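It should be emphasised that the depicted structure is a prediction, and the values quoted were computed from it without experimental measurement. Each ligand, and each atom within it, is numbered from 1 in the order the structure gives.
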Amino acid sequence: MSGNPILSVRNLTKYYGGSRSFFDKTIPPVRAVAGVNFDIAPGEVLGLVGESGSGKSTVGRTVLRLHEPSSGRIVFDGAEITRISASRMRALRREMQIIFQDPFGSLNPRSRVEQIIGEAVDLTGPRSREERRQRVVKMLEQVSLTQEHLRRFPHEFSGGQRQRLSIARALAAQPRFIVADEPVAALDVSIQAQIMNLIAHLQRETNVAMLFISHDLGLVKFIADRVMVMYLGRIVEMASVESLYRRPRHPYTRALLASAPVVDPRTARARPRVLLQGEPPSPADPPSGCAFRTRCPFVLEACASRVPTLREVSSGHSHACIRDDIAAAAAVAATASPVQPEGI
Ligand SMILES: Nc1ncnc2c1ncn2[C@@H]1O[C@H](COP(=O)(O)OP(=O)(O)OP(=O)(O)O)[C@@H](O)[C@H]1O
Ligand SMILES: [Mg+2]
């Protein structure tokens with residue numbers, strides 16, 4: 001990555017709950033995130049994918065300090081936000097916004113649109129009433145809503161429109177970084193494409209950096225520049241979108257891609273099949289060594305004894321698996337020309 005990152009995350013770890021007393025070990029803590037490292041460049045969209053419970057939202061929330069990390073460093077624009085004062089953090093809040101999955105729960109039901117978006121506009125500096133209103137209308141227009149909506153309450157909108165409001169609210173603060181946590185997962189499929197197009201368009205227009213969280217590999221491919229794949233609290237693979245989808249290396253990534261719906265039947269044939277069986281283990285009792293070993297078709301004895309570290313295997317492409325032979329085979333399979341359907 002060239003230049004300074006807008007966000008740097010080092011060794012981020014987050015445990016939830018567990019017994020409060022040192023002597024009482026009856027309730028084990030949940031290890032939601034374990035030693036996660038990544039950087040995001042200004043204007044970059046970094047995708048974060050993984051199954052439910054892998055820790056994606058926890059990463060998104062701890063980097064904004066909506067949840068306190070158990071350990072690790074989060075550096076935003078050169079300032080370590082895990083250490084700064086509350087007043088400095090309040091000032092930084094404007095620059096770091098979030099779009100939640102649930103467009104119903106994330107907007108105050110008792111506030112009118114003008115107030116909801118106006119509060120975000122206020123963060124950018126004092127304005128006269130009229131200037132503020134004009135700015136709110138401008139934000140509404142950016143998400144294809146209008147002045148007519150100013151006096152309405154959130155319940156008067158559809159799910160897709162509410163998500164447009166959430167996007168307008170996030171951008172009204174003129175942030176430099178946004179976490180989008182499954183922003184279209186709660187919407188009808190017919191609305192998802194519109195909202196994805198809107199997010200992609202506004203991201204390009206404003207050049208805001210984004211952590212885009214989704215369990216849907218197709219959405220991440222559409223919007224992200226780079227992708228991280230998460231399994232049981234750890235990043236198992238990180239690469240550019242182009243490299244990850246063409247040459248997935250980690251057995252888990254390959255399994256995820258194999259189980260995603262395939263649009264092009266030719267890639268379906270060419271793709272090495274790795275089937276994902278069973279459920280992920282509990283983060284309250286993760287397996288020793290590589291957490292994916294209990295579901296991995298390529299497991300070796302050594303996988304139980306050591307946590308594999310994320311290693312760069314080609315330029316900008318890292319994975320955490322000791323089986324380089326498997327990764328190499330995947331790369332060869334991906335470069336081989338697809339099998340021609342019979343009779344053509
Ligand atoms: N506030 C909390 N208290 C206790 N445990 C939590 C809390 N939030 C999340 N967890 C647990 O931490 C783990 C990671 O959860 P997280 O919500 O980060 O996963 P996720 O990848 O976002 O999943 P999903 O795709 O379902 O949104 C899960 O086991 C979850 O049950
Ligand atoms: Mg989540």
Ligand 1: protein N/O within less than 3.5 Å of ligand N/O:
from	atom 1	to	atom 2	distance (Å)
ligand 1	18 (O)	Thr58	N	2.9
ligand 1	18 (O)	Thr58	OG1	2.5
ligand 1	19 (O)	Gly55	N	3.2
ligand 1	21 (O)	Ser54	N	3.2
ligand 1	21 (O)	Ser54	OG	3.4
ligand 1	21 (O)	Gly55	N	3.0
ligand 1	21 (O)	Lys56	N	2.9
ligand 1	21 (O)	Lys56	NZ	2.8
ligand 1	22 (O)	Ser57	N	2.9
ligand 1	22 (O)	Ser57	OG	2.9
ligand 1	23 (O)	Gly53	N	2.8
ligand 1	25 (O)	Lys56	NZ	2.8
ligand 1	26 (O)	Ser52	OG	2.5

* Looking at Arg31 and Leu232, what are the two nearest heavy atoms and their distance? -> NH2-O, 3.7 Å

* Under a single-linkage definition using a 4.5 Å side-chain heavy-atom cutoff for Ile, Leu, Val, Met, Phe, Trp and Tyr, are Val30 and Tyr231 assigned to the same hydrophobic cluster? -> no

* In this structure, which one of Val49, Val220, Leu211 forms a side chain to side chain contact (heavy atoms under 4.5 Å, CB included) with Met228? -> Leu211

* All pairs passing salt bridge (charged side-chain N to carboxylate O under 4.0 Å, His left out) where residues 133-145 contributes a residue, at least two apart -> Glu114-Arg133

* Asked: Given Ile235, which of Val59, Leu48, Val33 fulfils the side chain to side chain contact (heavy atoms under 4.5 Å, CB included) condition?
  -> Leu48

* Asked: Can you name the nearest heavy-atom pair linking Ser144 to Arg164, along with the distance?
  -> CB-NH1, 3.8 Å

* Asked: Taking the inter-plane angle between the rings of His319 and His250 on a 0 to 90° scale, is it parallel (under 30°), tilted (30 to 60°) or perpendicular (over 60°)?
  -> perpendicular

* Pair Tyr16 and His67, ring centroids less than 6.0 Å apart -> yes

* Just jot down the side-chain contact (heavy atoms from CB on, under 4.5 Å) partners of Ser8, sequence neighbours excluded, or say none. => Pro5, Arg10, Asp39, Val75

* To do: Please report how many protein N/O/S atoms lie under 2.8 Å from the Mg ion (ligand 2).
  => 1

